[in-house]
Each structure stands twice: as C-alpha cells, then as structure tokens.
**Student:** 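To start, I am sharing the structure in question, which I have written as structure tokens.
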Amino acid sequence: MESVLCAKNLKKSFTTPAGTIEVLRDVNLAVAAGESVSVRGESGAGKTTLLQILGGLDTPDSGELFWNGERITKRGNAFLAKARTKLIGYVFQFFHLVPELTALENVLLAARIAGTPMHQARAQAKELLARVGLAERMTHLPTKLSGGECQRVAIARALINRPPLILADEPTGNLDERTGEAIMQLIIDVCREQNTALLLVTHNLDFAARTDRRLVLRHGVLEEI
Amino acid sequence: MPWSIYLALKQLFPPGKRFPAFALVSIIGVAIGVCSLLVVQTVMNGFSQEHRENIQRMYGHEIVRSVDYRPVKNYKPLMEQLRAVPGVAACSPFAEGQVMVKNGNVPALPFVRGIHLELEDKVVPVKKLIIAGSLEELDDDRVILGDRLAHTLGIRALGQKIEVYSPTMVDELKDDQVPLPAELEVCGIFRSGYVPADENTMIVSLRRMQDLYNLGSGVHGIRIRLDDPEKAIELLPEISRALPKGLEALPWMYVNFNFLEAIRFEKSMLFFLMFIITLVASFSIASTLFSAVVKRSREIGILGALGGRPRQILVIFASQGLFVGLIGFVLGCGLTFLIVAFRNNIVEGINKLFGSGEMVAQMYMFREIPVHYNGNDFLIAAIFTLATTTVAGLIPAIWASRKKPAEAMREA
C-alpha cells in the first residue's frame, strides 16, 4: 500500500543556552492511506516537533520527508503551504480557532485557503459541522463555545478539504475525560468514514490502543510497541 | 472576497466589539491628519484664488500704460489695435490716482478710479459689485463709494454730497488761485469683498477724473479683458507688438506677484508640515500593527498550518493598514467639508473667545475666510495617506509572513 507520509532518518536539534538538545535522532516512519497510528512519549520527548516536521511546519536538520510519494524536504514555504491544503488536516490541543470568526467561518477558512469556491465550501462546512454535532452552533464565536465544541469545530476544519492525512496533536489534552472520550471517538470514526489516515499524538494509552499501529518516541527514536 | 481580505476586516472590526480600539484610534489619527492637511490646503487655495480674482476684478487681465507713467494721449486708435489682437475680448481706458475727500468735517484720502461709463463693465464686473444705487446713475457729477469708505465718511444715504480735492489743486494755489473742490453726489455703493478696495476706493467717470488730474483727453492707461485670463503672460508679446514706443503691457499676475508667490510657497510649506501629522499617525499604525502581529503570532502559525501562503498572510496585515488609511481618508474628507462649511462660525467663536475682533478682515483683507476646493489636493492627500498607511501595515506584515508556522507558534 502506498504511504501518504514517509519520513527517513529525520534529525532535529535545538540550541539552548544550556547546550544543544537532540530532539529527533533518527526517525523513520511510514503511514499508509487510511491507517491510524498513535505516537506516545514523555513530555518534552519531541512529539509536537515531530508532528510539525511531518506536517511541513518546521524543517528537519537532516533526513527526508515524502508526502504521497513526493519528496518535500527543502521545498519553500509557499509550496509546502499549498501542498498542505490538499494533503494534511491539523487538530491541535488548544483548538487554535480564529477568535474573530464564527464556527462556520472557521471551518470555511480552511476551505477558502484551499481555493474551494464559496458556495461549495459553505455546503461542505455546514454538513461537517452537523456531522460533529454543531448544527445549532454554527454562528457562534469561539468565545461562546465550550472546549469540546471548539475542538469539534477544529476537527471539522481539519476535515473540510478531505485530506488523506490528519495530524492530531493531543486533541483531547485540554478537555475533561468525558468530552475527551467523545472527541477521540469522533476523530477515529470520521477518519474511518472518510478513509483518512490518522497520526495521533497522545498520552492516553486507551486512545492509543484504538489505532492500528502504536509507536513510542523515546530518546529521539520511534519504537513500535 | 479573498479570505485574507475578509480576515483582515474581521480582525480590524471584530464582531461583537462595540469599540475596536486599534481600528478606531488609528482611523481617527489618520482622519485628523488628513483633515488638517486638506483644511489648510483648501483655505490656502481660497486665499490664493480670492487674491487672484480680486486682482482680476480690480485691474482686469492686462494693463497698458506708459513706461514713465505719463498720460497716454490719443488712446482710441490704440484700443482698436488692441481689440484686433487674438485673445483680447474687450478694452477700456482708465485714469486713477489719489484724492482727498470730505464729508462735512470727516476727511479721507481714497484712491479714485475714473472709468469709461460704457466700456468699463465689459472689462471688469463693476455692476456686479454695486450693492446700492447703480452704475447707470454714474455721471460726471456723481460718485460710487466703497462701502467701508462710505461708512468712514459717514454717508448715511445715497444723494449725499462729498467734496473732492485733487493734487492738481496745489498748482492752482501756487498761482494764487483759490481752488474749489469738486462737489460730487453719492449715487452708489460697491462691495468687492476685498477690504483694502472697499475701504479705500471710489469710482467716478473718466471725464471727471481727467478734469481732476488735468489730463485733457489723455488717460493713464487701458485695461484689457482676455478670453482666457490664464493666458495673460502667453499673450504678452503679441499685445506688446501692438503698442507704440513708450507703452508697456502688464499682465495681472505681475500685479502683487510677490504676494501670490508667497502664498504659493506658504501652501507648499504647510503641506509638508501637515503631512508630518499623517506620517505620525502612520507610525502609530505601524507600531500597533507590530503589537498585533506579535499578539497574533500563534494565529499566523495556524494560518500557515491550514495552508495559508506567506503572500496571503502578508495581505492580511498590509490590507489592515490600507483599510485604516482608506477609512481615515474618507472620514478626514468628511471632517474637512464640515469644518470648511462652518469655518466662519469657528473663527467667530475663536474671536469671541480670545477677543481678537475682525481678525480675518483686518489681517487677511477678506470679510470671510475664502476657500477653494482643488481636486489635486485631495488626490495627493489620498495617495500620500494610502501609501504611508499601507507601508506602515506592510512592514509588520512582511515580518509576519516570513515566519515559519512552527516558529510562529513557538513564539506565541
């Protein structure tokens, strides 16, 4: 099966006043279409950095990265941004919705950035918001939504362009247990429905257990468990 | 609408906020800058325009006179020659000079203009200036006074008589003759709006002036009206060719040339001074937008993660500067129209407050503050304002767009 995401020998280090910290030493990873993979690791292990590099938001010091078989290492910001709209949907721990936009507008924003015509994007956004249970809350600003509702909006935003891969960075980390459970199930269900690959960073063993493949980032290296 | 513009507008005017502080403060700053710039320019234009019109109204578009100020004899054929010059619309002979007048015990030393009763109004619009009586009533025994001069002399009604003494009477005194003043009946009052003229001018017939100054059939010169007053300098060589030796032509621009140049220079200087206000407002926009960019660092990263291109992120912040400039400019224009419309009331209020009386009339020679809207001033103000506010938005925008999404999110 062809990989939607493939990383080879990724290395990344940060220089701090205390010295150089090697966050990723030799990361190798392939995620197949429709596959769900979880990554666990201690706080500060480099999970978020790994996710950012895999999503093209940051550059590795060395190694190679492929999206849908295309080598994207050392490509410019503009190319990566355009490619992201087609390939990757992001879900963050703190939702990161645009505070001035309503739930519907936040979802539409991702579609408009991808160049989807307004009428088409609006219909898709409404459908997705209804799917995540927010049919009645579309015109609300993020400040008027609960944490769980904000994360639902973020999930709809990640899915609006029907990307083949979702990168989720501790999407339930900022939610209570019950809401987190519901959100996690929603992500897994929606990804399965749309045959979307999922790379999930989480601390939660139970959530990790629901994915097809479970990995741990330890000392800068990914290990399969 | 492109999403980046939509987002810029939403950030500038966040929904649910009744007082979007950044937008309002920046817009008001720009509006005040634009308003100061345009009010000053409009008033300076008014001064300049009013002076140009006054000069044309009082002197015509071109004057022909002798180089040594001697009377011009046999002027009628000369007028025919001048009328034949293309671009010359009308001519009228004139004689003018200082006299002494008395109304009872009240004296004055006005400037008297002797005009040709049929031809003068074809060259300068005398009839339009008359506010009491009429030009038709003027004859060799009658006089028309400026309204302020009439007031100074204590003229209460038309029909009153004044005594006029001319400088030539000094010669009669030398010959042991007793000079008798000319007694003229006031048949009209004029108001040009130009205070020195209204305070100090009276109009008599050309024949009366020729008598007062012993000119015989001579005149002091010929006043010319052109089809296009702006071509007065251009037509100068052609008019000069029609003149015999000893006579010269003087375009209206050369009358009070230094004064008109001073106004023009003052206008340019004030433009740059007022432009600094707009520049200061732009710097405040840049500074506030920088803070916004820093505050929104994570948002910039998120937009990148969603696929927003650096150019689109640049548009979000740069267009905010442009919108502030655009709205500030429109508001500034509105404020300008408002201030200009109520300018006289404002000055009156200031006068009352500081007790400076008829400041405008005394210092600036006008009864009210003259204004003249010039489209070019608005265009230049728009270009400068939009350019500075856009650049003010562009600098933080470039900074924001160059950030890598992960870097932007880390900095937040």
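Naming convention: chains lettered A, B, ... in sequence-line order (proteins, then strands); numbering from 1 in each chain.
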**Student:** Got a donor-acceptor contact below 3.5 angstrom from the A:Arg112 side chain to the B:Met1 backbone?
**Tutor:**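 Yes.
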
**Student:** Would you mind checking which part of A:Phe92 comes under 4.5 Å of any heavy atom in chain B, side chain (CB onward), backbone (N, CA, C, O), both or neither?
**Tutor:**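 Just its side chain gets close to chain B.
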
**Student:** Would you give the length of the straight line joining atom CG of A:Leu134 to atom CG of A:Leu104, rounded to the nearest 0.5 angstrom?
**Tutor:**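 Here the rounded value is 11.0 Å.
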
**Student:** Quick one: which residues of residues 305-323 of chain B reach chain A at under 4.5 angstrom, heavy atoms only?
**Tutor:**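 Only B:Ala305, B:Leu306, B:Gly307, B:Gly308, B:Arg309, B:Pro310 of residues 305-323 of chain B have a heavy atom under 4.5 Å from chain A.
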
**Student:** Would A:Leu199 and A:Leu29 count as a side-chain contact (heavy atoms from CB on, under 4.5 Å) here? Give the steps.
**Tutor:** CA-CA 11 Å; A:Leu199 184 59; A:Leu29 172 72; 4.1 Å; yes

**Student:** Examine B:Phe337 together with B:Tyr373 and report whether their ring centres are nearer than 6.0 Å.
**Tutor:**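 B:Phe337 vs B:Tyr373: aromatic centres under 6.0 Å.
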
**Student:** Which atoms of A:Ala78 come close to chain B, meaning under 4.5 Å heavy atom to heavy atom: side chain ones, backbone ones, both, or neither?
**Tutor:**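 When you check distances to chain B, atoms from both the backbone and side chain of A:Ala78 fall under 4.5 Å.
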
**Student:** Give a yes-or-no answer on whether the side chains of A:Asn161 and A:Thr85 include a donor-acceptor pair shorter than 3.5 Å.
**Tutor:**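 Not at all, the side chains of A:Asn161 and A:Thr85 share no donor-acceptor pair under 3.5 Å.
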
**Student:** How many angstroms lie between atom CZ of A:Arg25 and atom CG of A:Asn9, to the nearest 0.5 angstrom?
**Tutor:**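 Nearest 0.5 Å value for the CZ-CG distance: 14.5 Å.
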
**Student:** To the closest 0.5 Å, what do you measure between CD (A:Glu149) and CZ (A:Arg137)?
**Tutor:**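 A:Glu149 atom CD to A:Arg137 atom CZ measures 4.0 Å (nearest 0.5 Å).
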
